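In listed order, ligands and their atoms are each counted from 1. Predicted model only: the values in this text are computed from it and were never measured. Side-chain atoms are counted along with the backbone in the values below, which use heavy atoms only and exclude waters and symmetry mates.
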Amino acid sequence: MKRHEFELDDLIKRIKENDNRLVALQVPEGLKMQALEMMDAIEEDTSARIILAADPCYGACDLVHDKMQRMGVELVAHMGHSQMNIDSGMPTEFINVTYDGDPAIDPVLPILAMHREIAERRLSEASSKGEISEEEAQERFMDAVGRVSPLKGAKLGLVGSIQHLHLIFDYKERLESAGFEVEVPVGGARLSFPGQVLGCNYSGDRDDIGHYLFLGSGDFHPIGLVLHTGKPLAMLDPYTGGAEEMSFERIEGILRQRFGLILSCDEAKTFGILIGEKPGQMRRNLALRMKKKLEKHGRKGYLMALEHVGPELIDFYPVDAFVNTACPRIAIDDSVRYAKPLLTPFELEVVLGEKKWETGYKFDEIP
Ligand code: SF4
């Protein structure tokens, strides 16, 4: 943790220029232990008073909004995430947090070589599509999430979590020197930097990328990336230097669990439809569409808005199941914590017979 760098200079300059008196500091969970240190640093250098926004914070989707305005807060300092395509209604300064861990690529090279072979095989099968029946094609081109692989290339996609992105082009060069054709994908408006991925957005993916390397720690982003793309993925951890792959068995296990939940909703008549109140998670129109679909199929949907989603806040409602339109990862990563099935919108459409499981899993992305 000691080697994380915080860039407070721009924030301090902005506070001084605007003569801000009350500033909210929002810090992601992994850095909260250092929050008091940051508050001291800002208060020592400015005449502002700092209020720590101490609620859980997992992303820039979760910006401090109007409730702090009512407290008199003039500026929000949001740390460790990048700006999204949302407006929280509060002036917000995003503070970069970087980590200079610089692991060698050697341990990950054998995994990447193996994944490149998988990508090249899928690519060559895809290009011979015209010569075999559609049934055979379905058999042969399945990617990790059960889709017909739409590959047009077998490049290595290089992505990372935000605190390591300053190293991404350096790693691109190292991987190219090791013989890989590397692409740093650029995503849509929810992402700010080349190579960036979020747990809910992998919009930089392209048909000429055949496999991925993720620079970062933990399996949160890798699981989402494989569920979204179906492509093999290796991980290089800047904190430990360790290399591993996201195994297809792990992804299969998640898909089996999702399919089990879908089956368990076959007879469900009533659903709670969750709407996230956080600025970057609020998908009201999607929730309304889900309600309409349920009604069309003779089932009932109740719209429920929450700032935080948790089992203790919803389990007791007398409904058969829930569909979640807030953070997509709540259903995927946390569903075992809930007493009733918690589905994504795509999964509800499968329950209702509007989408087919057999044509491949569709990850719930927020664009
Ligand atoms: S994955 Fe969830 S918490 Fe993370 S940015 Fe997306 S909506 Fe927010």
What do we get for Arg190 next to ligand 1 when only non-hydrogen atoms under 4.0 Å count, side chain, backbone, both or neither? side chain
What protein heavy atom sits nearest atom 2 (Fe) of ligand 1, and how far off is it? Cys327 SG, 2.4 Å
Taking the basic N atoms (NZ, or NE/NH1/NH2) and the acidic carboxylate oxygens, is any pair closer than 4.0 Å for Arg329 and Asp334? no
Near Met84, which atoms of ligand 1 are under 4.0 Å from a heavy atom of that residue? 5 (S)
Residues Tyr338 and Asn324: side-chain donor-acceptor under 3.5 angstrom: no
Metal site atom 8 (Fe) of ligand 1: N/O/S of Cys200 inside 2.8 Å: no
Polar side chain donor-acceptor pair, Ser203 to Asn201, under 3.5 angstrom: yes
For Leu156 and Leu112, what are the C-alpha separation, side-chain angles and deciding distance, and is it a side chain to side chain contact (heavy atoms under 4.5 Å, CB included)? CA-CA 8 Å; Leu156 168 61; Leu112 293 179; 3.9 Å; yes
Quick check on contacts: which atoms of ligand 1 are under 4.0 angstrom from a heavy atom of Cys61? 3 (S), 5 (S), 7 (S), 8 (Fe)
Atom 4 (Fe) of ligand 1 sits nearest the protein heavy atom Tyr58 O, 4.0 Å
Among side-chain atoms of Thr344 and Arg258, is any donor-acceptor pair under 3.5 angstrom? no
For ligand 1, the portion of His221 having any non-hydrogen atom under 4.0 Å away: neither
Are any non-hydrogen side-chain atoms of Pro185 and Ile209 less than 4.5 angstrom apart? yes
The atoms of ligand 1 lying under 4.0 Å from a heavy atom of Gly199, numbered in the order shown, are 1 (S)
